[in-house]
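Beneath this line is the structure, given in structure tokens, with notes to follow.
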Amino acid sequence: MSDIEKKSIDLATQEVLKKAKDENIKTAWDRLESQEPQCGFGQLGLCCTICNMGPCRIDPFGEGAQVGVCGANADTIAARNLARKIAVGASAHSDHGRDVAYTLSLLSEGHAHDYEILDIEKLKNLAQEFGIDTNKPAGSGLASDSQSHKVKEQIAKELSKKLLEEFGKQEGELVFTKRAPKKRQAIWKKLGITPRGIDREVVELLHTTTMGVDNDYKNIINNGMRCALSDGWGGSMVATDVQDIILGAPEPIRGKVNLGVLKENCVNIVVHGHEPILSEMAVKASQDPELIKLAKAKGAEGINLAGICCTANEVLMRHGVPVAGNFLQQELAIITGAVEVMMVDVQCIMPALQEVAACFHTKLITTNPKARFPGVTHIEFESEKAYEVAKQIIKVGIENFSNRNKERVNIPKYEMDLVAGFTKEIVFQILGGKYRATYKPLNEAIISGRLRGLAGVVGCNNPKQTHDYFHTTLVKELIKNDILVLQTGCSAIACAKQGLLIPEAAKVYAGKGLQEICEAVGIPPVLHLGSCVDNSRILTAASYIIEEGGLGQDLSDIPAAGCAPEWMSEKAITIGFYFVASGVYTIFGASPFATLGSKNLTDYLTKDLEGIVGGRFEFCDDPIKMAQLMIEHIDKKRKALNLRPRMYQ
Ligand code: BF8
């Protein structure tokens with residue numbers, strides 16, 4: 001295996017990495033090499049920098065210091081480090097959710113003219129969930145669609161207020177926690193981990209992990225779980241549901257993926273980041289006749305919009321916009337030499353992009369006041385003038401087309417078809433028919449053993465692992481064993497590139513039972529549910545499964561497992577914790593999240609938690625082994641439900 005093959009299994013990535021090497025352009029893989037050997041104390045979670053008596057480190061071999069200057073031992077230090085990552089991950093998703101809820105509020109007051117309420121049914125359902133009367137109270141004088149219904153803007157106004165209150169809530173629990181099965185809610189209550197205000201959970205976790213507060217590693221982790229739950233059943237759920245309301249709920253849609261989606265003769269605009277509020281407008285602006293005319297006047301055939309990371313997933317799910325790649329391909333998209341503008345919002349945007357872009361004509365444009373680069377063009381996004389801002393950015397790309405050096409353009413010819421756009425509602429419709437919305441066929445498929453179980457495979461890429469290899473090897477093994485795989489984030493992009501997200505993949509890769517289901521309803525064996533905040537869709541879908549009946553009383557009863565095989569972000573840690581705290585057995589690849597330095601903490605996460613919350617962590621760095629562990633767990637759950645192992649052996 002060549003050096004480049006060790007870096008990625010993706011042929012497009014390999015091709016551009018060769019180009020980067022030839023042109024001496026450094027990428028994440030090179031920077032990883034220059035960091036090696038990485039700090040062992042950091043890797044084990046044994047380095048403490050939270051006060052100025054440190055940095056302190058604990059000797060993992062038991063010979064040197066076993067406590068820091070303040071007296072904190074390995075358990076406390078490793079647990080605090082981990083909990084702080086949970087808080088950061090939760091804050092990222094939740095801040096995203098808040099911004100989307102705020103846009104709904106602006107829209108309801110007539111200030112965000114470029115958006116409209118596209119999913120009225122979802123708006124009403126959500127409003128009712130929050131106790132808002134969607135009918136016009138008699139004699140209220142409120143404007144109404146008809147005699148008895150409030151206008152949607154009024155509902156949106158009341159709803160956005162309630163949603164925004166979820167962040168600063170001082171009393172009571174998050175409304176979305178009521179979506180979980182009763183038994184799960186009771187477990188959280190008993191443990192005192194039902195999340196309260198979203199901001200409160202983040203702040204409290206940061207407080208309790210500062211010097212000299214919480215020194216009990218188990219208590220730190222329990223509080224960490226509550227914070228993570230405030231993301232999964234709070235901030236992320238707000239983001240997902242409100243995005244569906246104002247951008248439209250996704251429906252199954254065909255698209256294309258990989259660097260080959262960049263077009264040689266077009267102005268290529270790449271959207272990258274996480275918040276789809278602006279990229280949604282970029283989609284619209286890229287179809288603006290005035291801008292297309294301008295692009296043609298500059299010698300291009302048109303405007304080609306493509307995405308990277310989760311912003312890509314968002315615009316793919318709703319519009320079929322092609323995906324140029326996942327996390328580790330962000331630099332590579334620029335290195336093709338064919339990108340006029342890469343516009344970024346927040347999260348997972350490598351600081352290195354600035355230097356890579358400087359090697360080409362590519363203009364990197366930041367759009368969010370929270371995420372800027374020194375010296376990089378900043379065109380600030382405002383919901384009130386969203387379309388105008390999107391047009392301005394695309395114009396920069398069009399003007400930049402003539403600066404492209406055609407001799408340096410090298411777009412790999414690799415692209416793959418995919419189907420995305422599955423949501424918890426669409427699963428209803430596809431499996432149960434539009435007019436008989438039910439999870440019954442899905443539950444029956446699991447009960448009969450035609451489907452052995454479900455798996456959520458999510459998360460990032462990490463140059464420490466062969467890019468895309470872990471995701472795709474694991475997922476192939478799961479579907480071969482009749483396990484329907486639900487995906488989000490960069491993991492979904494990885495599998496899409498290998499052709500696993502098309503219905504035809506069932507025939508090639510799936511076991512007989514899963515194949516029968518895919519053929520009957522025309523779905524791929526791997527369902528793309530969206531971006532990382534859309535992991536909340538998995539939680540709600542799992543709750544519907546329990547509500548449907550026949551598969552136990554709690555989320556932990558479902559024959560299901562989760563995995564983040566190539567994770568790197570703190571957000572992935574938070575997702576892992578809210579899955580585990582919701583009762584899901586969850587495997588993390590790469591190195592464990594800096595816990596191994598404390599045996600007590602590692603045992604707590606990988607063993608004890610199962611008896612406490614029903615879910616637990618597992619750390620594993622072999623994708624086939626990961627699949628085996630997930631299958632073993634699924635079979636264990638089937639046995640507990642008295643279900644036969646599998647219809648076809
Ligand atoms: O939120 S999977 S690399 S892009 S963190 Fe980032 Fe990881 Fe990709 Fe989406 Ni999620």
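All ligand and atom numbering here is 1-based and tracks the order in the structure.
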Where ligand 1 meets F327 - atom numbers and elements under 4.0 angstrom, heavy-atom basis: 3 (S)
Atom indices of ligand 1, in the order listed, that fall short of 4.0 Å to a heavy atom of C310: 1 (O), 4 (S), 9 (Fe)
Closer than 2.8 Å to atom 10 (Ni) of ligand 1: does that hold for any N, O or S atom in C532? yes
So, the side chain of D30 versus the backbone of T27: is there a donor-acceptor pair under 3.5 Å, distance only? yes
Under 2.8 Å from atom 9 (Fe) of ligand 1 - does any N, O or S atom of C309 fall there? no
I'd like to know if D621 pairs up with K464 as an ion pair, taking the criterion as any Lys NZ or Arg NE/NH1/NH2 lying under 4.0 Å from an Asp or Glu carboxylate oxygen. no
Distance-only polar pair, side chains of K571 and H274, donor-acceptor under 3.5 Å: yes
Which heavy atom of the protein is the closest neighbour of atom 6 (Fe) of ligand 1, given with residue, atom name and distance? C348 SG, 2.2 Å
Which of the atoms in ligand 1, numbered in the order shown and given with their element, are less than 4.0 Å from a heavy-atom of S569? 5 (S)
Answer with yes or no whether G459 contacts ligand 1, where contact means a heavy atom under 4.0 Å from a ligand atom. yes
Considering only non-hydrogen protein atoms, determine which one is nearest to atom 1 (O) of ligand 1 and report residue, atom name and distance to 0.1 Å. H274 NE2, 2.6 Å
Note the single closest protein heavy atom to atom 8 (Fe) of ligand 1, along with its residue, its atom name and the distance in Å. C490 SG, 2.3 Å
Using modelled atom types only, decide if a donor and an acceptor are shared between the side chain of Q487 and the backbone of H528 within a distance under 3.5 Å. no
I need the minimum non-hydrogen distance between I502 and R254, along with the two atoms involved. CG2-NH1, 4.1 Å
Counting heavy atoms not belonging to K122, are there more than 12 under 6.0 Å from its NZ? yes
Check each atom of ligand 1 against the heavy atoms of M568 and keep those under 4.0 Å away; list them by number with element. 3 (S)
Got a salt bridge between K480 and E477, using NZ or NE/NH1/NH2 to carboxylate O under 4.0 Å? yes
Side chains of D231 and F577, heavy atoms from C-beta outward: is any pair under 4.5 Å? no
Please indicate whether any nitrogen or oxygen in H93 is less than 3.5 Å from any nitrogen or oxygen in ligand 1. no
At the 4.0 Å heavy-atom cut-off, does Q347 count as touching ligand 1? no
N, O or S atom of C460 closer to atom 7 (Fe) of ligand 1 than 2.8 Å: yes
T103 vs V242 side-chain heavy atoms within contact, under 4.5 Å: no
